Amino acid sequence: MKLRACVLVMPVLLAVGCGSEEPVVDELTGQVLMEATTKYDMHRLLEDADISGGQWITTAQVQQFLQQKGSYLANYTDPAWGKKASALIVERSAAYGISPLYMLARIQTESSLITSGTSTNLAKATGCGCPDSSGCDISYAGFGNQVECSAKKIRGYFNDLDAGRTTISGWKVGLTKQTSDPCSVKPVNKATAALYTYTPWVGAYALQCGKTTVGGSSLVASVFNRFKGEYAWGTGAGATCYSGTVDANVAERACVQSSSDALWRQCLSGVFTDGATAKPSNCSASYPYCASATLGRSVPMRTCVQSASNSTWQQCAAEGAWLPASSAPISGAGPAGSCFEMYAL
């Protein structure tokens, strides 16, 4: 995705001295790139929880942050969505289990809208659908559409990585790949692999390598950590996690057997743990697959099945229970929400 931001990065991780170099212009965007006081490990730009955590962050917090920054977005309501920018950032991020704080950093990196008092680049706020080699796809135009697109894509990259696959452009934890700078990068975590899938440049803010005239994914790390330190976002104690399998937020320590790969993940401090074949022993609630005699196999949470024994519809629910779902063939939903899949006789 194209980078459209220029920021002065504050010390956060690995401190290095400031040199006397003159500011340079981002060759992709024409923006001035300010000299950084922090440099980042190009193999570990952010932690997984930096992107998939932060589910406790509220709309009120984001709204206050935008106001403090003098952002145009503080007073913006997207006419297509009928919601304020702060609400869209939190709601659409949460819908895909993405941190609103990461989304703020992505928006700033791509369009400078978090600190800008104008609407410039509003239609391409997150750079989603805007490859370096061509213009932006108009189907993703608009602030709400941009946030939705960005959150959905990042979640898709994480889903691929969770399942042991490479991302759509070939990035994977532990696999060395060339960036567009070019640099040889071997991501040590999913967050870094996902960042390079979205923006395939290391850029000017990494220790080992990176084109100095491009912001790159290292700029996303810089902005994220700057924003993280500028506001009291909280720690997520008692937070919930959004689960696509359950299609709802689940409580702290709740365990979910993922519909994508059947692995178990537990919500801890607002972030799901990496997948495991064994169910954790300290689950506050459980959302496993349900064994179906009709199908002769187990199926994920929210699956709706018409029973072979009495022709009634049932839905897989919490704790592996089958609940009556007579409305499923009409509404496509049952007591546990929309049917993940439907199996009629």
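The figures that follow rest on heavy atoms only: side chains count, while hydrogens, waters and symmetry mates do not. The structure displayed is predicted, hence computed values, not measured ones.
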**Request:** Find the distance between OG (S222) and CG (L45) and round it off to the nearest 0.5 Å.
**Result:** 9.0 Å
**Request:** Give yes when the SG atoms of C136 and C130 are nearer than 2.5 Å, otherwise give no.
**Result:** yes
**Message:** The test is side chain to side chain contact (heavy atoms under 4.5 Å, CB included); show your working for D162 and L263 and say whether it passes.
**Reply:** CA-CA 9 Å; D162 286 343; L263 295 179; over 6 Å; no
**Message:** Give me the atom names and distance for the closest heavy-atom approach of A318 to Y287.
**Reply:** CB-CE2, 3.7 Å
**Message:** I'd like to know if the side chain of S112 reaches the main chain of S116, judged simply by a donor and an acceptor atom lying under 3.5 Å from each other, with no hydrogens or angles considered.
**Reply:** no
**Message:** Determine whether the interatomic SG-SG distance for C267 and C255 falls below 2.5 angstrom.
**Reply:** no
**Message:** Would you say that S243 contacts F272 through its side chain, given a criterion of any heavy-atom pair below 4.5 Å between the two side chains?
**Reply:** yes
**Request:** Go through the steps to decide whether S307 and S309 satisfy the test side chain to side chain donor-acceptor pair (under 3.5 Å), and finish with yes or no.
**Result:** CA-CA 5 Å; S307 174; S309 64; 2.8 Å; yes
**Request:** Kindly give the heavy-atom pair with the smallest separation between P335 and L323, and that separation in Å.
**Result:** CG-CB, 3.6 Å
**Complete:** Rounded to the nearest 0.5 Å, the CD1 atom of I330 sits from the CH2 atom of W313 at a distance of 11.0 Å
**Message:** For a 4.5 angstrom cut-off between non-hydrogen side-chain atoms, does Y289 reach V299?
**Reply:** no
**Message:** For a quick check under 3.5 Å, do Q257 and T245 share a side-chain donor-acceptor pair by atom type?
**Reply:** no
**Request:** Treat each ILVMFWY residue as a node, draw an edge where side-chain heavy atoms are under 4.5 Å apart, and state whether I154 and Y196 are in one component.
**Result:** yes
**Message:** Just so I know, are the side chains of L219 and T199 near enough to count as touching, which here means a heavy-atom distance under 4.5 Å?
**Reply:** no
**Complete:** d(C128 SG, K152 NZ) to nearest 0.5 Å is 10.0 Å
**Any donor-acceptor N/O pair, Q146 side chain to G127 backbone, under 3.5 Å** = yes
**Flag, side chain of T197 to backbone of S169, donor-acceptor distance under 3.5 Å** = no
**Polar contact flag, side-chain donor to acceptor under 3.5 angstrom, N145-W81** = yes
**Asked** Ion pair present between R226 and E230, side-chain N to carboxylate O less than 4.0 angstrom?
**Response** yes
**Asked** How close do Y205 and G215 get, heavy atom to heavy atom, and via which atoms?
**Response** CD1-O, 3.7 Å
**Prompt:** Yes or no on side chain to side chain donor-acceptor pair (under 3.5 Å) for S338 and R302, after CA distance, side-chain angles and deciding distance?
**Reply:** CA-CA 7 Å; S338 61; R302 295 190 293 114; 3.1 Å; yes
**Prompt:** Any chance CD1 of I138 has more than 12 other-residue heavy atoms, nucleotides or ligands included, within less than 6.0 Å?
**Reply:** no
**Prompt:** Does the side chain to side chain contact (heavy atoms under 4.5 Å, CB included) test come out yes or no for L195 and Y157, once each step is laid out?
**Reply:** CA-CA 9 Å; L195 286 174; Y157 304 155; over 6 Å; no
**Request:** Determine whether L66 and Y76 fall in the same hydrophobic cluster, where Ile, Leu, Val, Met, Phe, Trp and Tyr are linked whenever their side-chain heavy atoms lie under 4.5 Å apart.
**Result:** yes
**Message:** Using 0.5 Å steps for rounding, measure from the CZ atom of F143 to the OH atom of Y72.
**Reply:** 10.5 Å
**Request:** Answer yes if W233 and V220 sit in the same cluster of Ile, Leu, Val, Met, Phe, Trp and Tyr residues linked by side chain heavy atoms under 4.5 Å apart, and no otherwise.
**Result:** yes
**Asked** Taking T273 for the side chain and Q266 for the main chain, is one N or O donor matched with an acceptor at less than 3.5 Å?
**Response** yes
**Request:** For side chain to side chain contact (heavy atoms under 4.5 Å, CB included), just list the numbers for E47 and N189, CA-CA rounded to whole Å, side-chain angles, deciding distance to a tenth of an Å, and then say yes or no.
**Result:** CA-CA 7 Å; E47 299 304 315; N189 58 20; 3.9 Å; yes
**Request:** Output, in order, the C-alpha distance, side-chain angles, deciding distance and verdict of side chain to side chain donor-acceptor pair (under 3.5 Å) for Q67 and N75.
**Result:** CA-CA 8 Å; Q67 291 171 346; N75 299 307; 5.6 Å; no
**Prompt:** Is there a side-chain contact between L122 and S111, using heavy atoms and a 4.5 Å cut-off?
**Reply:** no
**Message:** Treating E319 as the side-chain partner and S286 as the backbone partner, does any N or O pair qualify as donor plus acceptor under 3.5 Å?
**Reply:** yes
**Asked** What pair of heavy atoms forms the shortest contact from C290 to A321, and how long is it?
**Response** SG-O, 4.0 Å
**Item:** Side chain to side chain, Y343 and V305, heavy atoms closer than 4.5 Å
**Value:** yes
**Message:** Main chain of Q61, side chain of T58: is a donor-acceptor contact present, judged purely on distance under 3.5 Å?
**Reply:** yes
**Prompt:** Is there a donor-acceptor pair under 3.5 Å between the side chain of D48 and the backbone N or O of A191?
**Reply:** yes
**Prompt:** Any donor-acceptor pair under 3.5 Å linking the side chain of S292 with the backbone of G296?
**Reply:** no
**Request:** Taking the side chain as every heavy atom from C-beta outward, state whether L207 and Y40 have any atom pair closer than 4.5 Å.
**Result:** no
**Request:** Taking the six-membered ring for Trp and the single ring otherwise, decide whether the centroids of Y96 and Y242 are under 6.0 Å apart.
**Result:** no
**Pairing of D181 and K211 as salt bridge, 4.0 angstrom limit** = no
**Message:** I'd like to know if the side chain of S150 pairs up with that of Y198 as donor and acceptor (distance under 3.5 Å, no hydrogens or angles considered).
**Reply:** yes
**Message:** The test is side chain to side chain contact (heavy atoms under 4.5 Å, CB included); show your working for V62 and Q64 and say whether it passes.
**Reply:** CA-CA 5 Å; V62 171; Q64 187 176 46; over 6 Å; no
**Prompt:** Under 3.5 Å, is there a donor-acceptor pair between the side chain of S284 and the main chain of A254?
**Reply:** yes
**Message:** So, applying salt bridge (Lys or Arg N to Asp or Glu O under 4.0 Å) with D160, which one of K153, R165, K172 is it?
**Reply:** R165
**Request:** Evaluate the criterion side chain to side chain donor-acceptor pair (under 3.5 Å) for residue pair S93 and R106; output intermediate values, then yes/no.
**Result:** CA-CA 12 Å; S93 296; R106 175 59 66 183; over 6 Å; no
**Message:** When you compare the side chains of Q315 and T303, does any donor N or O come within less than 3.5 Å of an acceptor on the partner?
**Reply:** no
**L46 reachable from I107 in the ILVMFWY side-chain graph, under 4.5 Å edges** = yes
**Fill in**
Residues C209 and M42: closest non-hydrogen pair is CB-SD, 3.7 Å
**Request:** For residues W171 and P187, report the shortest heavy-atom separation together with the two atoms involved.
**Result:** CE3-CG, 3.7 Å
**Request:** State yes or no: do V223 and V147 share one hydrophobic cluster built from I, L, V, M, F, W and Y residues joined by side-chain heavy-atom distances below 4.5 Å, directly or via other members?
**Result:** yes
**Message:** Using modelled atom types and a 3.5 Å cut-off, is there a donor and acceptor pairing between side-chain atoms of T192 and backbone atoms of V188?
**Reply:** no
**Item:** Check: Y231 ring centre within less than 6.0 Å of F227 ring centre
**Value:** no
**Request:** Would you mind reporting whether W56 and T240 have side-chain heavy atoms less than 4.5 Å apart?
**Result:** no
